[in-house]
Amino acid sequence: MPEHTRFMREAIAYALKGIHSDEGGPFGAVVVKDGEIIGRGSNKVTTCNDPTAHAEIMAIREACSYLKNFQLTGCTIYSSCEPCPMCLGAIYWARPDRLFYACSKDDAAAAGFDDAFIYREIALNHQDRSIPFDSILRDEALVLFNDWTNKSDKTPY
């Protein structure tokens, strides 16, 4: 466990650095492979004007770039906080072996970062969500999935 605490302390330190350099919120993450940090990220939503610039996303992007691969097989992610729904989805898409987090989503909510409404929205029918979701041109768009299914040289993910 000492190695895990060392990497978690790196994620926490990266979050602290982000706060004190006015880069963003109190979140940090690192991606580790074979005992080496290959990706780091802190929250940069407000400085990048990018709602997807969460610490885990930034760390995943850097690690994938380093590995020249879109998956993090053999990697572990350390996050200063339990991932939000967006980051959780990205983590599952990246397929790391494991994730460790420090603070809980309830801790984040107590500090003003409440993602509970997103979890509630996901469970709602489209017509009941606070942002309207309407499907249009489905038949035209289904061609995309047919072309993908029939593509012989695709890189599956």
Side-chain angles (χ1 to χ4, degrees), residues 1-126 128-135 141 144 148 155-157:
M1 199 57 125
E3 186 169 90
H4 294 306
T5 58
R6 178 171 65 95
F7 291 128
M8 183 57 76
R9 285 187 178 115
E10 287 287 330
I12 292 167
Y14 215 66
L16 191 60
K17 178 183 172 203
I19 292 170
H20 293 296
S21 64
D22 292 327
E23 289 183 350
F27 303 97
V30 297
V31 178
V32 175
K33 184 173 178 83
D34 299 326
E36 177 188 353
I37 295 175
I38 61 167
R40 289 178 173 81
S42 62
N43 183 295
K44 296 186 179 185
V45 170
T46 57
T47 54
C48 291
N49 294 315
D50 179 353
T52 69
H54 289 201
E56 297 91 339
I57 302 291
M58 303 301 277
I60 288 169
R61 287 175 181 163
E62 187 174 288
C64 287
S65 178
Y66 175 85
L67 293 173
K68 297 177 179 32
N69 196 317
F70 56 88
Q71 295 190 329
L72 297 176
T73 306
C75 296
T76 300
I77 298 175
Y78 297 83
S79 177
S80 65
C81 188
E82 185 176 356
C84 75
M86 176 185 68
C87 293
L88 183 64
I91 289 163
Y92 273 97
W93 279 115
R95 295 177 175 86
D97 291 357
R98 193 167 188 181
L99 175 126
F100 288 93
Y101 65 92
C103 294
S104 71
K105 62 184 177 183
D106 295 328
D107 298 326
F113 297 93
D114 190 0
D115 300 325
F117 83 96
I118 298 173
Y119 286 105
R120 287 191 302 271
E121 289 280 312
I122 291 169
L124 294 175
N125 291 322
H126 293 171
D128 296 327
R129 292 180 177 166
S130 62
I131 297 174
F133 280 61
D134 297 300
S135 177
L144 303 170
W148 174 256
T155 302
Y157 58 98

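Just so it is clear, the values below take in all heavy atoms, side chains as well, and ignore hydrogens, waters and symmetry mates. This chain uses plain numbering: 1 for the first residue, then up along the sequence.
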Taking all non-hydrogen atoms of both residues into account, name the closest pair between [X] and [Y] and its distance.
X: H126; Y: F133; result: CB-O, 3.7 Å
X: E10; Y: I37; result: CG-CD1, 3.8 Å
X: C75; Y: I38; result: SG-CD1, 4.0 Å

Query raised in the report: Atom CG of D106 and atom SG of C81: how far apart are they, to the nearest 0.5 Å?
Result: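 It is 9.5 Å, given to the nearest 0.5 Å.
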Query raised in the report: Parallel under 30°, tilted from 30 to 60°, perpendicular over 60°: which one fits the rings of H4 and F100?
Result: tilted
Report summary line: The side-chain hydrogen bond (donor to acceptor under 3.5 Å, both in side chains) partners of S80 (sequence neighbours excluded) come to none
Query raised in the report: Can you list the residues that meet the side-chain hydrogen bond (donor to acceptor under 3.5 Å, both in side chains) rule with N69, with sequence neighbours excluded?
Result: none
With sequence neighbours excluded, residues passing side-chain contact (heavy atoms from CB on, under 4.5 Å) with [X]:
X: A94; result: I60, L72, P96
X: I122; result: P85, I118
X: T52; result: D50, R61, M86
X: D34; result: none

Query raised in the report: Any side-chain hydrogen bond (donor to acceptor under 3.5 Å, both in side chains) pairs touching residues 86-105, not counting sequence neighbours?
Result: S104-D107
Report summary line: Residues passing the salt bridge (charged side-chain N to carboxylate O under 4.0 Å, His left out) test with K33, sequence neighbours excluded, are none
Query - Any pair counted as salt bridge (charged side-chain N to carboxylate O under 4.0 Å, His left out), so long as it reaches residues 113-123, sequence neighbours left out - result: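 Passing the test, one end in residues 113-123: no pairs.
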Requested in this report: Give every residue pair that meets the ring pair (Phe, Tyr, Trp, His ring centres under 6.0 Å) criterion with at least one member in residues 6-55, sequence neighbours excluded.
Outcome: F7-Y78, F27-F113
